[in-house]
Novice: 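Let me begin by handing over the structure; questions about it come next.
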Amino acid sequence: KKVNLAVVGATGMVGRTFIKVLEERNLPIDNIYFFSSSRSAGSTVTFNNKEYVVEELTETSFDRGIDIALFSAGASVSEKFAPIAASKGCVVVDNSSCWRMNEKVPLVVPEVNPQDISCHQGIIANPNCSTIQAVVVLKPLHDKYKIKRIVYSTYQAVSGAGHNGYMDLENGLKGEPPKKFPHPIAGNCLPHIDSFLPNGYTKEEMKMVNETRKILGDYSIRITATTVRVPVFNGHSESINVEFEKQFDLEELKEVLRNAPGVVVQDDVANNVYPMPIYASGRDETFVGRIRRDESVESGVNLWVVADNIRKGAATNAVQIAEELIKMWNK
Ligand SMILES: O=C(O)CCc1cccc(C(=O)O)c1C(=O)O
């Protein structure tokens, strides 16, 4: 059975990657529609060698029998239009932060909690890029050793801030002042992603804390996070320190990761083999290395985790959710 699919935010960095991934994975699409703000409406996009005019998103955009809508147009667009789309029988896969913590909305990484997809009531939320790559690695370890505490330190690429963020690094390297970031990003690090909250954390840091617990379905896990913007064009890196309730054997733990869906272990420091953004960029897997025991606690491990924040961190994860929906409907 083929589906009618819409892409909302079609001209953005994630929107354009939705198109690329939809083509690569050859989803059974009957009709496809592309929507954007009035600013970009009228431009054209190419899908499967055919040109489409991008339409302005309106309240009636979903009156044409759309089965799935992939949203990546910002939280305010999702807040207004995702419920409208859902009310017309369309299932929304929303890449914004807007609906993630709503108890009626499953928050899904297909390799981690695919069973939550069937609980949807019209909207399924795509987690934050930094959370996705972390839980792909943490889920098999949580199942086997039960996680007690996580310390996240992230090194996030400028592509996570869209085209303007990307240009701040490109132009910053030529000495030009930043437009998107509050300070120069070239040759610098900004411990400031999204806005600051009263507790001194940023929204990005609290997204990792709250989303990890919801996706793993365990609100007893203690988590803290520091998220940092670094002068890397694409691909997020994360240092993840994990403490377990149970003891583990290091070689067994590495084997668990080697067998984990969506994970590639790159860990041979004698030959300078470890995950790097320049390698992960353009790929859909989550790469993990520097796997070593944390001798400072009873049962702990340090991990270095890298993934393409636009692909697995956003577009590919959302398209994988759409694939699961289509599989459910074709049973
Ligand atoms: O509301 C917006 O304009 C988007 C802000 C944003 C930029 C980059 C990643 C995210 C995210 O949380 O995935 C988000 C978000 O949806 O809050």
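For the numbers below, each heavy atom of this structure counts, side chains included, while hydrogens, waters and symmetry mates do not. None of the values given here were measured: they were computed from a predicted structure. The first residue of the sequence shown is numbered 1, and numbering continues consecutively from there. Counting starts at 1 for both ligands and their atoms, following the listed order.
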Novice: Quick one: does NZ or CZ of Arg229 land under 6.0 Å from the six-membered ring centre of Phe181, within 45 degrees of the ring axis?
Specialist: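 That pair does not qualify as a cation-pi contact.
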Novice: So, for atom 5 (C) of ligand 1, does the protein have a heavy atom nearer than 4.0 Å?
Specialist: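 When distances to the protein are checked, atom 5 (C) of ligand 1 has no heavy atom within 4.0 Å.
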Novice: Distance below 4.0 Å between atom 11 (C) of ligand 1 and any protein heavy atom?
Specialist: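 Yes.
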Novice: Judging by distance only, is a nitrogen or oxygen of Arg100 under 3.5 angstrom from one on ligand 1?
Specialist: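 So ligand 1 has an N or O lying under 3.5 Å from an N or O of Arg100.
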Novice: Among Ser130, Gly160, Ala75, Ser76, which one has a heavy atom closest to atom 2 (C) of ligand 1?
Specialist: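 Residue with the shortest heavy-atom distance to the ligand atom: Ala75.
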Novice: Keeping the roles fixed (side chain from Trp304, backbone from Pro275), state whether a donor-acceptor pair exists under 3.5 Å.
Specialist: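 Yes: the side chain of Trp304 pairs with the backbone of Pro275.
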Novice: Can you say whether the rings of Phe244 and Phe248 are parallel (under 30°), tilted (30 to 60°) or perpendicular (over 60°)?
Specialist: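 Rings of Phe244 and Phe248: perpendicular, as their planes differ by over 60°.
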Novice: With salt bridge (charged side-chain N to carboxylate O under 4.0 Å, His left out) as the criterion, how do Glu23 and Lys20 come out once you've worked through the C-alpha distance, each side chain's angles and the decisive distance to 0.1 Å?
Specialist: CA-CA 5 Å; Glu23 288 175 332; Lys20 201 155 70 173; over 6 Å; no
Novice: I need the atoms of ligand 1 closer than 4.0 Å to a non-hydrogen atom of Ser96, numbered in the order shown.
Specialist: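 The list of qualifying atoms is 16 (O).
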Novice: I'd like to know if the side chain of Arg100 and the backbone of Ser96 have a donor-acceptor N/O pair within less than 3.5 Å.
Specialist: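 Present.
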Novice: What atoms of ligand 1 come within less than 4.0 Å of a heavy atom belonging to Gly74?
Specialist: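 Within the 4.0 Å cut-off of Gly74, ligand 1 contributes 1 (O), 2 (C), 3 (O), 4 (C).
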Novice: Less than 4.0 Å is my threshold; does some heavy atom of Asn95 fall inside it relative to ligand 1?
Specialist: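 It does, in that a heavy atom of Asn95 comes within the 4.0 Å cut-off of ligand 1.
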Novice: Which of parallel (below 30°), tilted (30 to 60°) and perpendicular (above 60°) describes Phe233 and Tyr166?
Specialist: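 Aromatic pair Phe233/Tyr166 classed tilted.
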Novice: Taking Asp308 as the fixed residue, which of Thr286, Thr316, Asn234 is the one that meets the side chain to side chain donor-acceptor pair (under 3.5 Å) rule?
Specialist: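 Output: one option passes, namely Asn234.
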Novice: For ligand 1, which atoms have a heavy atom of Asn128 less than 4.0 angstrom away?
Specialist: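 Under 4.0 Å from Asn128, ligand 1 has these atoms: 11 (C), 12 (O), 13 (O).
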Novice: Judging by distance only, is a nitrogen or oxygen of Asp194 under 3.5 angstrom from one on ligand 1?
Specialist: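 No; every N/O pair is 3.5 Å or more apart.
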Novice: Please check whether Lys207 reaches ligand 1 - meaning an N/O of the residue sits under 3.5 Å from an N/O of the ligand, judged on distance alone.
Specialist: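 The answer is yes, given that Lys207 and ligand 1 share an N or O pair closer than 3.5 Å.
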Novice: Could you tell me the residue and atom name of the protein heavy atom closest to atom 17 (O) of ligand 1, and the distance to it rounded to 0.1 Å?
Specialist: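 Here the closest protein heavy atom is Ser97 OG, 2.7 Å.
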Novice: If two hydrophobic side chains count as joined below 4.5 Å and joins carry through other members, does Val93 share a cluster with Trp99?
Specialist: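 No.
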